[in-house]
Every structure is written in structure tokens, then in C-alpha cells.
Protein chains: 2
Amino acid sequence: MKEEFKTIEDVKRYLDERGINPSYQRLKIYEWLLNNRTHPTVESIYKALLKEIPTLSKTTIYNTLNLFQQHGLVNALTIEENEVRYDINTEPHSHFKCKVCGKVIDLPIPRKLDVKELIPEEVKSNKIEEIHIYYKGKCADCA
Amino acid sequence: MKEEFKTIEDVKRYLDERGINPSYQRLKIYEWLLNNRTHPTVESIYKALLKEIPTLSKTTIYNTLNLFQQHGLVNALTIEENEVRYDINTEPHSHFKCKVCGKVIDLPIPRKLDVKELIPEEVKSNKIEEIHIYYKGKCADCA
DNA sequence: ATCATTGCAAACACTTTGCATACGC
DNA sequence: GCGTATGCAAAGTGTTTGCAATGAT
């Protein structure tokens, strides 16, 4: 994400450009994702926005995230069983999940690493489209 | 897994050594995982074994896999949302999932790669215990 | 007035839990 | 006979679907 979204108008334009009807709920959800880069679950997005939009339903969150995903605006993250987390689509990066507090942190792909090095020879016959790397361990706070 | 399990007795001994009561069902499940390294879901294990053990219940599969997991005998794989796959615990390796047919293939960690290179500098303050790499794309058969 | 979006309720799929039954030593 | 494993049924989660109500142009 190179752009900076300073106002809700910026977000509106961003969705508009991508052919996504910028409804109130969609704007709010996208805006919230931008301001809370915590790899939230549907549950946490819902809880957070319910304060602002008391009529909000989880269905709308699901619908919206699926829509965003189809348009490449968010990534679905599956580090752990039974919980899907969402990520605003950005530069390629990896994730670290703390086994103690459950926090998920963005990490860069190691600088030295040419992504091509990550592809084992044995896979040549298969066409790789995505590479995902994630780490698990104890975060600085929980160590 | 260096060992080769040629007979059910080998599997029995293996579980015995690890303090796991080698019940009929557990043996069968472990044996089946050894002979079918296809990263199966609970559903597919269940369906396959039901032919041999008509009284088998899914609960037993769940119980057994959780038990095995606690003892490090199997890994739970979460490449895709909403499906947990199981893997007999082996040397570190990565996975490739075909987006078309859904097949999951084992891949080695690229030979040239020292695992340390995979750790970004930014993560120094966090204690990394596991590294997971997976790929998605089109497999040779579906290309 | 029309068409899309929202949101409730019900349906689904996957997994865990409670508990009575069956099994093995 | 006792302690564990099994397996049914019910409960719990997370997600999707059907559809009527609402909202925007």
C-alpha cells in the first residue's frame, strides 16, 4: 500500500476506482482495516465496528471481506486452524504468530533472499503462483 | 521418519515406546497415515477406514489425531481456510497446494537455503520456534 | 421504481464435549 | 473388576445462504 488514506474520501475514491460500490459499511470496514493493521478476525472487526454502527451484522462483514478478497484488496491469512485473519493487501511479507499471546506480526521477507531461491528444484513441473512464509514462537513481550 | 514400518508390529512398538496405548483404532489410523501420505483431512481418513472398521466414529479420529499431535507424531497443516490436514511428522519440508485439484504435495526446503537466512533481522527480539513455508499454484497434472 | 446492499434467521460444516457402553489386562 | 478407549448424540464455532426489508439513485 503506497497510498496514504488521510480522509474517508480517499478510501471512497480507492473503492470507486476498483468498481466497488463504496457503501457506508464497506467504507467503514475498509477504513478500519487500514487503521488497525492487527490481522483481525471477523469477530474483532465486528466487535470494533459495532460501537459505531449498532445495526451492523456479521453477515455484512463476511460479505464485504469476501468481496474485498475477490478484488485483491485483502488477503485471507490462515496461520492457525479455525481462525481466518485478514490483512490489507500490501507488499509481499511474512508473518510471525506468538504462541503465547496469539498476536500476529508482519515481517518482511528476509532482505538477502531472492524469492527464486525459495523455490525448490523439485517443483519445476508445478507452476508456483504464491509463496507463503510464516513463523511461530514467542514474541518479545511474552518471552 | 527414518524408520520403515513394514508390519503393524512396528507401528505398535512405535506407539508403545511413546507411551501411547496401541489400541486397534489407533494402530489402524497410524498405519493408514503411513501408507497414505496424502495430507488427508479427517473426513478422508474416516471414509477410508470405515471400510475396514465399520463401527469407527469420527470422534475417535479426532481424539486420536489430537493425541498423536500432542506427542509430536503428526503435524496439523493449515494451508487453506476451513480444512485441517494431517501429516506424519518427518524432516522439515514445505508444501505445495494445487489451486485446481486441491492436491497437496511435499516439497523439500530448498537445498541451498540455510534456515537461518530465512529469519529476517527484524525478528531478533522474537523467539522463532517454527518456520512454515507453503506454495500455491498449478500442479503438473492441472497445468 | 429499480436495483443493490443490508441484516436477520436458518442452514451448514467442522470440531469438541458429555456420557453410557464396550474392551483389555 | 477396573481403568481406559470408543462412539453416539448433543453442543459449540465459524461461515454461508435465503430472503425480506431497507437504502440509494
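Each chain gets a letter, A, B and so on, in the order its sequence line appears, and its residues count up from 1.
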Applying the side chain to side chain contact (heavy atoms under 4.5 Å, CB included) test to B:H39, which of B:V84, B:D87, B:I88, B:N75 qualifies?
B:D87
For a quick check, tell me whether the side chain of B:S23 and the base of C:dC23 share a donor-acceptor pair closer than 3.5 Å.
no
Looking at A:S57 and C:dC8, is any side-chain donor or acceptor paired with a base atom of the opposite kind under 3.5 Å?
no
Regarding A:E43, tell me which of base, sugar-phosphate or nothing describes its non-hydrogen contacts under 4.0 Å with the strands shown.
nothing
With heavy atoms under 4.0 Å as the rule, sort B:T55 into base, sugar-phosphate or nothing.
sugar-phosphate
So, do [X] and [Y] sit near enough that their side-chain heavy atoms are less than 4.5 Å apart?
| X | Y | answer |
| --- | --- | --- |
| A:L77 | A:Y134 | no |
| A:I45 | A:L65 | yes |
| A:K136 | B:I128 | no |

Taking atom [atom2] of [N] as reference, at what distance in whole Å does atom [atom1] of [X] sit?
| X | N | atom1 | atom2 | answer |
| --- | --- | --- | --- | --- |
| B:K47 | C:dA13 | NZ | C1' | 13 Å |
| A:Q25 | C:dA4 | CD | P | 17 Å |
| B:R85 | C:dC14 | CZ | P | 12 Å |
| A:N66 | D:dT15 | CG | P | 10 Å |
| B:Y62 | D:dG12 | OH | P | 17 Å |
| A:L56 | C:dC8 | CG | P | 9 Å |
| A:Q69 | D:dT15 | CD | C1' | 13 Å |
| B:I29 | D:dA5 | CD1 | C1' | 11 Å |

B:Y46 or B:N21: which one's nearest nucleotide on DNA chain D is closer to the 5' end?
B:N21
Parallel, tilted or perpendicular, judged at 30° and 60°: which one describes the rings of A:Y14 and A:Y30?
parallel
Choosing from D:dG18, D:dT6, C:dT6, which nucleotide comes nearest the side chain of B:N63?
D:dT6
With the side chain defined as heavy atoms from C-beta on, A:T59 is closest, among D:dT6, C:dT6, D:dT17, to D:dT17
